[in-house]
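Working notes, structure below.
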Amino acid sequence: MSAFQAPTGTRDVLAPESSRFESLVARFARLAELAGYGLVVSPMFEDVALFSRGVGEATDVVTKEMYVFEDKGGRTIALRPEGTAPVVRAFVQHRPVLPWKAWYATPCFRYERPQAGRYRQFHQLGVEALGPQDADLDVEVVALFEGLRRSLGLEGVELRVNSMGDAACLPGYRAVLASYLSDHGEELCADHRTSWSRNPLRVLDCKKQACVSVRAGAPLLRDALCDACEAHFDRFLSGLGSLGIRWTRDDFLVRGLDYYTRTTFEFRASGLDAAQDTICGGGRYNGLVEELGGPPTPGIGFAAGVERILLACAVEGVELAPERATEVFVVDVVGGGSARDLTDALRRAGVAADRAFDGRSLKSQLKQADRSGARVACIVGPEEEAAGVVTVRWMRESGAGGPGPGRQERVARGDLVEAVARWTR
RNA sequence: GUGGCCGUAGCUCAGUUGGUUAGAGCGCCAGGUUGUGGCCCUGGAGGUCGGGGGUUCAAGUCCCCUCGGUCACCCCA
């Protein structure tokens with residue numbers, strides 16, 4: 001065990017795994033840009049109040065999971081526990097023209113006990129779209145993640161949707177639910193028996209049998225939605241249908257952050273354990289911008305967990321990155337000067353080239369060439385050096401009609417780059 | 001924050017009722033082949049047995065503490 005280790009709940013991602021990570025982000029970036037979203041890069045830390053106000057004072061994320069510290073100027077700072085609040089803050093600060101559509105890929109930090117699919121530093125991909133209240137925007141946002149899912153080839157993913165209502169109907173429902181719960185408070189699970197009044201909606205989300213039984217008889221928000229919310233949700237659902245996106249309505253989908261209104265949704269991966277199977281979660285937050293000091297502005301977005309998506313891909317055997325192997329390995333048993341110059345020339349020509357160092361033996365260098373995955377080795381020994389040529393050795397099958405492993409030919413040094421570019425194409 | 005399980009080489013793991021100098025496979029390095037990778041053979045490097053304390057003539061092994069990993073709860077991506 002080494003003297004220093006990555007802190008609890010964090011991890012190092014080395015190649016080749018890191019290329020899967022990179023490839024996922026790149027794929028998402030392409031889809032987001034394709035849909036008119038622009039990259040937003042905002043600070044990894046913010047005034048702690050941004051999160052307590054934005055995410056909700058009473059949420060677990062705020063009360064017990066934030067990395068908070070005081071900086072040398074006496075400011076109380078928090079490492080971002082999620083991506084939405086910072087993006088909305090950036091919007092309020094800069095006021096770009098509406099509609100404003102942004103995407104991001106960022107580390108997030110939450111002080112929790114690590115577990116499969118849960119880390120203290122994890123990574124989120126997300127989008128936020130501010131301005132329109134049009135339900136078609138809700139459809140677009142969901143379709144964006146659905147597009148990523150499809151492009152990855154992930155199959156075991158379920159989309160669950162719900163409407164949280166808005167300021168016109170949610171408070172009324174909350175009161176109705178609260179009065180129902182006050183009649184059944186004794187039947188709730190141990191945790192909620194005392195705490196349900198703080199946030200009655202949380203009970204709907206509880207997995208304990210006691211709460212599940214109670215909620216079975218509870219009044220439903222779907223029956224309390226106002227006409228406007230009802231119409232919005234209907235248009236959202238029919239829009240999903242029109243795009244061929246399958247969904248399941250879940251009356252108990254109550255997401256943990258305070259800012260959601262109307263549309264909420266989650267993508268769940270069946271290959272993961274139920275406790276951490278949400279690979280993407282999001283919804284509308286029509287009050288958040290105002291809450292953070294901006295003008296009343298509707299918004300919607302989602303955040304997707306990179307580690308969890310990667311985990312789901314691994315479970316389904318989905319290969320992400322056709323990892324870019326070295327194409328040409330230069331073996332130089334003379335002095336290394338040729339290796340230096342030839343690899344540089346190959347790289348300038350866009351060919352992935354590598355070499356050995358420290359004057360290793362021919363055998364050792366060829367072994368490294370083999371390990372690198374290169375299809376060809378370019379060998380420079382005393383004979384080649386004297387004749388101004390290189391020996392090209394095929395290390396692998398080269399496809400139909402090509403030379404097989406072990407076949408060699410000589411090429412004039414000056415022709416190498418062009419010849420290799422032709423072979424490796 | 002609470003609970004279960006687990007820490008021996010870079011990786012995966014053996015290590016008997018406590019008993020000489022802690023092993024294997026894979027990987028790595030070198031040689032077998034003074035110009036040829038993969039397969040094979042031979043050899044080599046690599047370990048504060050997670051850390052600290054205790055019991056004992058003797059601790060990888062038993063006890064306590066601690067750190068770390070992992071899984072679950074809570075909650076979330």
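Chain A is the first sequence line, chain B the second, and so forth, proteins listed ahead of strands; every chain is numbered from 1.
- For B/G69, one of the phosphate oxygens OP1 or OP2 lies less than 4.0 angstrom from a side-chain nitrogen or oxygen of A/Thr8.
- Proximity of A/Arg360 to the phosphate of B/A30: a side-chain N or O atom is located under 4.0 Å from OP1 or OP2.
- For RNA chain B, the neighbouring residues in residues 117-130 of chain A, judged by any heavy atom under 4.0 Å, are A/Gly117, A/Arg118, A/Tyr119, A/Phe122, A/Gln124.
- Residue A/Gln368 is out of contact with every strand shown, counting any heavy-atom pair closer than 4.0 Å.
- For the pair A/Glu158 and A/Arg160, the salt-bridge criterion is met [side-chain N within less than 4.0 Å of a carboxylate O].
- Residue-level contact check: A/Glu307 touches neither bases nor backbone, having no heavy atom under 4.0 Å from any strand.
- At a threshold of 4.0 angstrom between heavy atoms, the contacts of A/Gly282 with the nucleic acid are absent.
- Nucleic acid contact for A/Cys108: none, since no nucleic acid atom lies under 4.0 Å from a heavy atom of the residue.
- Summarising the geometry, the separation between CZ on A/Arg410 and P on B/U36 is reported as 13 Å, rounded to the nearest angstrom.
- A salt bridge is defined here as a Lys NZ or Arg NE, NH1 or NH2 lying under 4.0 Å from an Asp or Glu carboxylate O, and A/Asp415 with A/Arg410 fails to meet this definition.
- Within 4.0 Å of A/Ala369, counting heavy atoms only, lies no atom of the nucleic acid at all.
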Discussion item. Expected output check: what is the dot-bracket annotation of RNA chain B, where ( ) and [ ] are pairs inside the strand (brackets for crossing ones), | is paired with another strand, and pairs are Watson-Crick or G-U under 3.5 Å?
Written reply: (((((((..((((.....[...)))).(((((.......))))).....(((((..]....))))))))))))....
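- Within the 4.0 Å cut-off from OP1 or OP2 of B/A30, at least one side-chain nitrogen or oxygen of A/Ser364 is found.
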